[in-house]
Amino acid sequence: MAIATVNPATGETLKTFEPLTDTELESKLDRADRAFGVYRLTSLAERAAWLRAAADIVETQSDRFARIITLEMGKPISQAIAEVKKCALVCRYYADRGSEFLADRPIDTDAKTSYVRYQAIGPVLAVMPWNFPFWQVFRFAAPAFMVGNVGLLKHASNVPQCAIAIEEIFQEAGFPTGTFQTLLVGSDKVEKIVSDDRVKAATLTGSEAAGSSLAAIAGKYIKKTVLELGGSDPYIVLPSADLDKAAATAVTARTLNSGQSCIAAKRFILADAIADEFQSRFVEKLQGLKMGDPTQEDTDIGPLATPGIRDELHSLVRQCISKGATALIGGELPDGPGNFYPPTAIADIPPGTPADSEEFFGPVALLFRVPNLEAAITLANRVPLGLGASVWTQVEAEADRAINRLESGSVFVNGMVKSDPRLPFGGVKKSGYGRELGIQGIHEFANVKTIWVGE
Ligand code: NAP
């Protein structure tokens, strides 16, 4: 895939970038290695101050960075601004809490003293996706910086200007040179980077295929990985739910980022008793969404990031319909330029369609009906993915059962699944492994060193 900025709203190629040569890549790896030697010796207070400076930069220039995001991947501008501002939160969170998370942990044993100490491991490669091109990188970088690691970013090929801007932010914030470097390379160079002795670990947020490939390479070279992969999250609505709130939240949960979110609610599993009512409220709200120019403040749905994503999504929708499903709204490609896809809801989906196994990465809601919670849980767990899950009920026993039985990395009761710097984030099954954010996120790429001191 060429490294280029292509406006998803028009299809126009605005800027192309030459990938790094092998010599340039070698010099960046060397710089990362040397930077680690310096950076690992900095104090937690210094790291926190640089993170706070980065937070100030993204906050004060959020409009500028948001425009780059919208230009490169088509996110509606108001959502792009919110994404950039959220990056400040994660920087401040680890600046404030990092020293507490990284403090020695005493453990009683037969030793005079024994404890755990968390130490940096070195340069970490981050292979990142385009869908939240700032947030995904910051949620990797903030804990990595706090623990004392240095970062190498291989960003998605369609967001090079985002990748360059992020490197500039960390440089301007005062981090020592080389602490964070953007590598403009295609995915064909990932093996070379991961296998390099100077790179100690890797994290990838993206598709199952990419995650599996990276993990195989890292496994060969015995390097730690964290994988944040796709999701086909269930959104279960039970009879006692507050239907107004559940339907309104469902629209946001499905269409945020024009539906291109790993933790978007994708499968709406509705109890028979409320299914008609929920469906009509949900579809009415989808009809009210404004699709169009993502640079306009009042746009709800922008274009999808690439023509390939739109083609893939439409093909999944058509396969469902050809097997007997019904489009309640949408499901047709609009005329005109850009990768636009309308808000779509599909019901009456028989078994044996892509809804059983595939991730619908766009504003397409899959609606199912079930007689009770047991059937809802069975249906929810049927897919190979297990990222998040949302359950709507006022009955505590139902919530408890869902929390215990859903195969997912998180369960949100009476709310939509979202990421929050304070809460660990990640999946089970084919959604990946490891956690980002929270205290767990900062320990993923640390050497958890056991110390035992005798008399
Ligand atoms: P993708 O094609 O897997 O790309 C993600 C990144 O991986 C890009 O930088 C890409 O580089 C790189 N890549 C692609 N193939 C690779 C390979 N064989 N080896 C190493 N790197 C490779 O995913 P996407 O379509 O851009 O992103 C959407 C996917 O990401 C969805 O499945 C979504 O659910 C998932 N996602 C998950 C999370 C989470 O936290 N769990 C968050 C956001 C998105 P190029 O661009 O150069 O190909």
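Remember, it's 1-based here, ligands and their atoms both numbered in the order they're listed. For the single chain, residues carry numbers from 1 onward in sequence order. Predicted, not measured: the structure shown is a model, and the values here were computed from it.
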**Prompt:** Under 4.5 Å between any side-chain heavy atoms of Q260 and I309, yes or no?
**Reply:** yes
**Sub-6.0 Å ring centroid separation between Y94 and F145** = no
**Prompt:** With distance as the sole criterion, is a donor-acceptor pair present between the side chains of Y341 and S258 under 3.5 Å?
**Reply:** no
**Message:** Can you see whether F360 has R254 sitting over its ring - NZ or CZ less than 6.0 Å from the centre and within 45° of the normal?
**Reply:** no
**Message:** Below a 4.0 angstrom heavy-atom separation, can you tell me which part of V190, side chain or backbone, both or neither, approaches ligand 1?
**Reply:** side chain
**Prompt:** Side-chain donor-acceptor pair under 3.5 Å between E359 and S232, yes or no?
**Reply:** no
**Asked** Just which atoms of ligand 1 are under 4.0 Å from any heavy atom in L387?
**Response** 41 (N)
**Request:** May I ask you to list the atoms of ligand 1 that are less than 4.0 angstrom from any heavy atom of F361?
**Result:** 28 (C), 31 (C), 33 (C), 34 (O)
**Asked** What residue and heavy atom of the protein are closest to atom 1 (P) of ligand 1, and at what distance?
**Response** S207 OG, 3.5 Å
**Request:** Look only at interatomic distance and state if A209 has a nitrogen or oxygen under 3.5 Å from any nitrogen or oxygen of ligand 1.
**Result:** no
**For S157, atoms of ligand 1 separated by under 4.0 Å from a heavy atom** = 45 (P), 46 (O), 47 (O)
**Message:** Starting from atom 44 (C) of ligand 1, what is the nearest protein heavy atom, named by residue and atom, and what distance separates them?
**Reply:** N131 ND2, 3.3 Å
**Asked** Does F425 approach ligand 1 within less than 4.0 angstrom via side chain, backbone, both or neither, non-hydrogen atoms only?
**Response** side chain
**Asked** For atom 42 (C) of ligand 1, what's the nearest protein heavy atom and its distance?
**Response** C262 SG, 2.9 Å
**Item:** E359, any N or O under 3.5 Å of ligand 1 N or O
**Value:** yes
**atom 4 (O) of ligand 1 protein-contacted (non-hydrogen atom, under 4.0 angstrom)** = no
**Asked** Which residue holds the protein heavy atom closest to atom 14 (C) of ligand 1, what is that atom called, and what is the gap in Å?
**Response** A210 CB, 3.7 Å
**Fill in**
Sequence neighbours excluded, the answer for side-chain hydrogen bond (donor to acceptor under 3.5 Å, both in side chains) partners of D56 is R92
**Request:** Assess whether atom CD of E18 is packed by more than 12 heavy atoms of other residues, nucleotides or ligands within 6.0 Å.
**Result:** no
**Prompt:** Where the closest heavy atom to atom 13 (N) of ligand 1 is concerned, which of G206, P19, S187 has it?
**Reply:** S187
**Asked** With a 6.0 Å cut-off on ring centres, are F175 and F180 close enough?
**Response** no
**Request:** Select the closest option to atom 37 (C) of ligand 1 among L229, D233, V159, judged by heavy-atom distance.
**Result:** L229
**Qualifying residues under side-chain hydrogen bond (donor to acceptor under 3.5 Å, both in side chains), relative to W50, sequence neighbours excluded** = none
**Prompt:** Using the benzene-type ring in the case of Trp, are the ring centres of F101 and Y93 under 6.0 Å apart?
**Reply:** yes
**Message:** Between T326 and D348, is there a side-chain donor-acceptor contact under 3.5 Å, judged purely by atom types and distance?
**Reply:** yes
**Request:** Check each heavy atom of Q136 against ligand 1 and say whether those closer than 4.0 Å belong to the side chain, the backbone, both or neither.
**Result:** side chain
**Request:** Using a cut-off of 6.0 Å, state whether more than 12 heavy atoms not belonging to K85 lie near its atom NZ.
**Result:** no
**Prompt:** What protein heavy atom sits nearest atom 9 (O) of ligand 1, and how far away is it?
**Reply:** M128 O, 2.8 Å
**Item:** Minimum-distance protein heavy atom relative to atom 26 (O) of ligand 1
**Value:** W130 NE1, 2.5 Å
**Message:** Around atom NZ of K86, are there more than 12 heavy atoms from other residues, nucleotides or ligands closer than 6.0 Å?
**Reply:** yes
**Asked** Does E312 have a heavy atom less than 4.0 Å from any atom of ligand 1?
**Response** no
**Per atom 40 (O) of ligand 1, closest listed option by heavy atom (K154, R139, E436, H155)** = R139
**Item:** Residue S213 vicinity, atoms of ligand 1 by number, heavy atom under 4.0 Å
**Value:** 18 (N), 19 (N)
**Complete:** The closest protein heavy-atom partner of atom 7 (O) of ligand 1 is V127 CG1, 3.3 Å
